[in-house]
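The structure presented is a predicted model; accordingly, all values stated were derived computationally and were not measured. Per chain, numbering begins at 1; letters A, B, ... match sequence-line order.
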There are 2 protein chains.
Amino acid sequence: MSTIKAVADLAGVSVGTVSHVMTGSVPVSEPLRTRVLAAIRELDYHPNHIARSLKTSRTRTLGIIVPDLTIPFFPQVIRGAETAAREHGYTLIAVNSDDSGPRQKELLSILRSQRAEGILLAVAAGPAPVGQITRMVQAGIPVVCVDRIPDRLVADSVSVQDSQAAQIAVEHLIEMGYRRIALAMGPLALKNERRRLLGYRRALRQAQIALERSLIWPGNLNTADVAASCLECFQHRKPDAVFATNAPTGLGVLRAFRDLKLRTPEDVGFVTFDELSVDDLFSPAVTTVVQPAFDIGFRAAEILLERIAQPELPRDPISVRLPASLRVRDTSRSRVEPCCATQN
Amino acid sequence: MSTIKAVADLAGVSVGTVSHVMTGSVPVSEPLRTRVLAAIRELDYHPNHIARSLKTSRTRTLGIIVPDLTIPFFPQVIRGAETAAREHGYTLIAVNSDDSGPRQKELLSILRSQRAEGILLAVAAGPAPVGQITRMVQAGIPVVCVDRIPDRLVADSVSVQDSQAAQIAVEHLIEMGYRRIALAMGPLALKNERRRLLGYRRALRQAQIALERSLIWPGNLNTADVAASCLECFQHRKPDAVFATNAPTGLGVLRAFRDLKLRTPEDVGFVTFDELSVDDLFSPAVTTVVQPAFDIGFRAAEILLERIAQPELPRDPISVRLPASLRVRDTSRSRVEPCCATQN
DNA sequence: TCGATAGATTGAGTCGTTTCAAGATCGGCT
DNA sequence: AGCCGATCTTGAAACGACTCAATCTATCGA
């Protein structure tokens, strides 16, 4: 791979001149400039970004760590962040923690070694690496958390208005005539989940529906386990609707419905957080709470870039909450008389 | 951010010794080693990967460029590639070309400047950057193409056995009793699409069904446009089944079915390449040709790493074709008498 | 014609690490 | 005691690009 020196020799100028042509920071006369550009083309010269970064200590690189690329939400976040990064001349590199704590630590360390100038982090399940993050921020590498907001961490974050979104979803179910609304949720250890629970309670309270603790199943994010709790709940408590606070949980619930031969919305109403996929093409189409994933990524990257641009500013953590929207489809339509006998 | 020199000073040794402790390439006595490790911890030292790369000219980094992260296929490929990379101590960085030719060129250039040691490329739509790829390979940066295989390019590639997969899918439809099988496909400019067409023709020929040209609609990969062609075709040619050769096309067809109020499989049979999503939860569940996306990524990365490990080997391009599998669900079940009157 | 000045060009030093050759230390053996 | 070899430790030279200070060139006015 050719170097700046090779270009300089071929063009018959000094390395300084070539550098000036590349960066444009210092004017270069037209004839020399032309010769340099010709030499660059001739040698297929690609400036060594590594050497450049070493000297300038600027990599113009942002990192994003997501727990699972195969959940549709995260690619959207990445695209948003990438868009913002590109507008500022930055490159975004995406890596996957596989929802593993150790791997996440390793990736943070790698990104730090690679001297990413800032990091977007959607934390993996389990305890968040608070100490590591704090050290990075102290070392001058800003970190912005997206989606999941770790407890006990003072840092910038961008996510959705969890409680409002949950409240709207549950209010919608109530309006549609459902009363015994079960809440299928993820681990209470996650702040987002607690916030969504809050919205659920608020909606019930405002509709003067008594809270029934046995209709709330906090669980893990394993789709199969969720399906099991759902089966269990339907045997004993007979809810007439389910609100799922996240996609894996929602899928688990749908799986249980299938096994129980329950139809939506005839037998049971259903709303879930997050688009499960192309929900509108299938029947019954699923009513979902849609998170503004692209915007979350975009805003998060913007905050990060701002921090990078003004590193000396005092760090009052910024916490942006974007509104979600309810996309009403079939699974939450008003209850109707079933046309033929079903178990219920 | 602390440097190796700071560590050396704190531990009271030379920078060379610290380096030896880090890399383990030269033995270091226990007492010194302990002092060095303590100093590293004390200073929260993270070796500057940039300086290291500059010196060793090894970045231990692989790049992957995909056209669209939000298509579920690609995240799977990335996970496969990442797994293989990690096994060899490499980090994979993923970037998104947004299916834009210029952006793809730019990303190739960036990855080259960043000195990625090898590149996995799922080419964007439009003409492939053959020249650029060839120059990279000549410069010693191996490139392996995944999924889409550009014409006119002599390079390693990993993708699916297109024609066999298509043939199996169409044979399945024939076996289920469908005869007028339409082929909804992407641009003929793509080699994969031509291969899938081949499989379709082979299946028809073997079943002695005459090929009807008007049942084949090559198109672009725009879901809305596909839906339009589909409407058109159903008005004039009345196929009794449709095989879609890729996911966006498949979605377009389903959208048209919805608009035409056609039910599957009662009114029309349907099989598509690629999982559309959680196809099995909805009704009717979609019969799909499942590509081994993870394996494609994994094998591609392995080939890449092999090339990197043995750069001087002559480059007979390796072309791996992995088998796809047919996941039979509802939309291709045998035709049955409709229970009530439907348009047909 | 000459000096001053603005502008273009150059070259050396630097970033943080690896690595090689050379120096230091130590124990064992004669 | 002195020497040898094995083992550990050190220092300095790279890697490739940027950048500052210094040099060079040309232009213009006196």
Next on the checklist: Taking side chain to side chain donor-acceptor pair (under 3.5 Å) as the cut-off, I'd like each qualifying pair that reaches into residues 11-23 of chain A, sequence neighbours left out, listed once.
Outcome noted: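 Applying side chain to side chain donor-acceptor pair (under 3.5 Å) to every pair that reaches into residues 11-23 of chain A, excluding sequence neighbours, yields A/S14-A/T17, A/T23-A/S25.
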
Next on the checklist: Please list all pairs meeting side chain to side chain donor-acceptor pair (under 3.5 Å) that have one or both residues in residues 61-72 of chain A, counting only residues at least two apart or in different chains.
Outcome noted: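 Output for this query lists A/D68-A/T70.
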
Checklist entry - Looking only at side chains, do B/R115 and B/S53 share a donor and an acceptor under 3.5 Å apart? => result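 Side-chain D/A pair, B/R115 to B/S53: absent.
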
Validation: residues 138-145 of chain B side-chain donor-acceptor distances under 3.5 Å, sequence neighbours left out:
none

Item to check | Stretch residues 36-63 of chain A: residues that reach within less than 4.0 Å of DNA chain C through a heavy atom | outcome: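 The stretch gives A/L54, A/K55 as the residues lying under 4.0 Å from the strand, ordered by number.
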
Checklist entry - Which is true for A/T23 with a 4.0 Å heavy-atom rule: it touches a base, it touches only sugar-phosphate, or it touches nothing? => result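 It contacts sugar-phosphate atoms only.
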
Check: [Y] and [X] side chains under 4.5 Å, non-hydrogen atoms:
| X | Y | answer |
| --- | --- | --- |
| A/M22 | A/I40 | yes |
| B/L305 | B/I303 | no |
| A/T91 | A/R60 | no |
| A/I93 | A/L111 | yes |
| B/I119 | B/L304 | no |

Using a 3.5 Å cut-off and no angle test, enumerate the donor-acceptor pairs between side-chain atoms of residues 125-132 of chain B and protein atoms at least two apart in sequence or in another chain.
from   : atom 1 : to     : atom 2 : distance (Å)
B/Q132 : NE2    : B/K105 : O      : 3.1

Item to check | Lys/Arg-Asp/Glu bridge criterion (N-O < 4.0 Å) met for B/D44, A/R135 | outcome: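 Counted as a salt bridge, because a side-chain N and a carboxylate O are separated by less than 4.0 Å.
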
Next on the checklist: I'd like to know if B/D156 and B/R299 make a salt bridge, using a cut-off of under 4.0 Å between side-chain N and carboxylate O.
Outcome noted: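 Between B/R299 and B/D156 there is no salt bridge, as every charged N stays at least 4.0 Å from the carboxylate O atoms.
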
Checklist entry - End-to-end bend of the helix from C/dT1-D/dA30 to C/dT30-D/dA1 (five-pair axes, 10° rounding)? => result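 Both end axes considered, the difference amounts to 60°.
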
Checklist entry - Can you name the residues that form a side chain to side chain donor-acceptor pair (under 3.5 Å) with B/R148, not counting sequence neighbours? => result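 Scan of B/R148 (side chain to side chain donor-acceptor pair (under 3.5 Å), adjacent residues dropped) gives none.
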
Next on the checklist: Output one letter per nucleotide in nucleotides 22-27 of chain C: B when a protein non-hydrogen atom lies under 4.0 Å from the base, S when only the sugar-phosphate is that close, - when neither is.
Outcome noted: ------

Item to check | With A/T34 via side-chain contact (heavy atoms from CB on, under 4.5 Å) - residues at least two apart | outcome: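 Partners of A/T34 under the side-chain contact (heavy atoms from CB on, under 4.5 Å) test: A/E30.
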
Can you list, pair by pair, the side-chain donor-acceptor contacts under 3.5 Å of residues 73-87 of chain A, counting residues two or more places apart and other chains?
from  : atom 1 : to    : atom 2 : distance (Å)
A/E82 : OE2    : B/N96 : N      : 3.3
A/T83 : OG1    : A/R79 : O      : 2.7

Between protein and nucleotides 9-12 of chain C, what N or O pairs are separated by less than 3.5 Å?
from   : atom 1 : to    : atom 2 : distance (Å)
C/dT9  : OP1    : A/S29 : OG     : 2.5
C/dT9  : OP2    : A/S29 : N      : 2.8
C/dT10 : OP2    : A/S14 : N      : 3.1
C/dT10 : OP2    : A/S14 : OG     : 3.1
C/dT10 : OP2    : A/T17 : OG1    : 2.4
C/dT10 : O5'    : A/S14 : OG     : 3.4

Checklist entry - If you walk 5' to 3' along DNA chain D, what is the first nucleotide with an atom under 4.0 Å of a heavy atom in chain B, and what is the last? => result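 Range of nucleotides touched by chain B: D/dC8 to D/dG16.
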
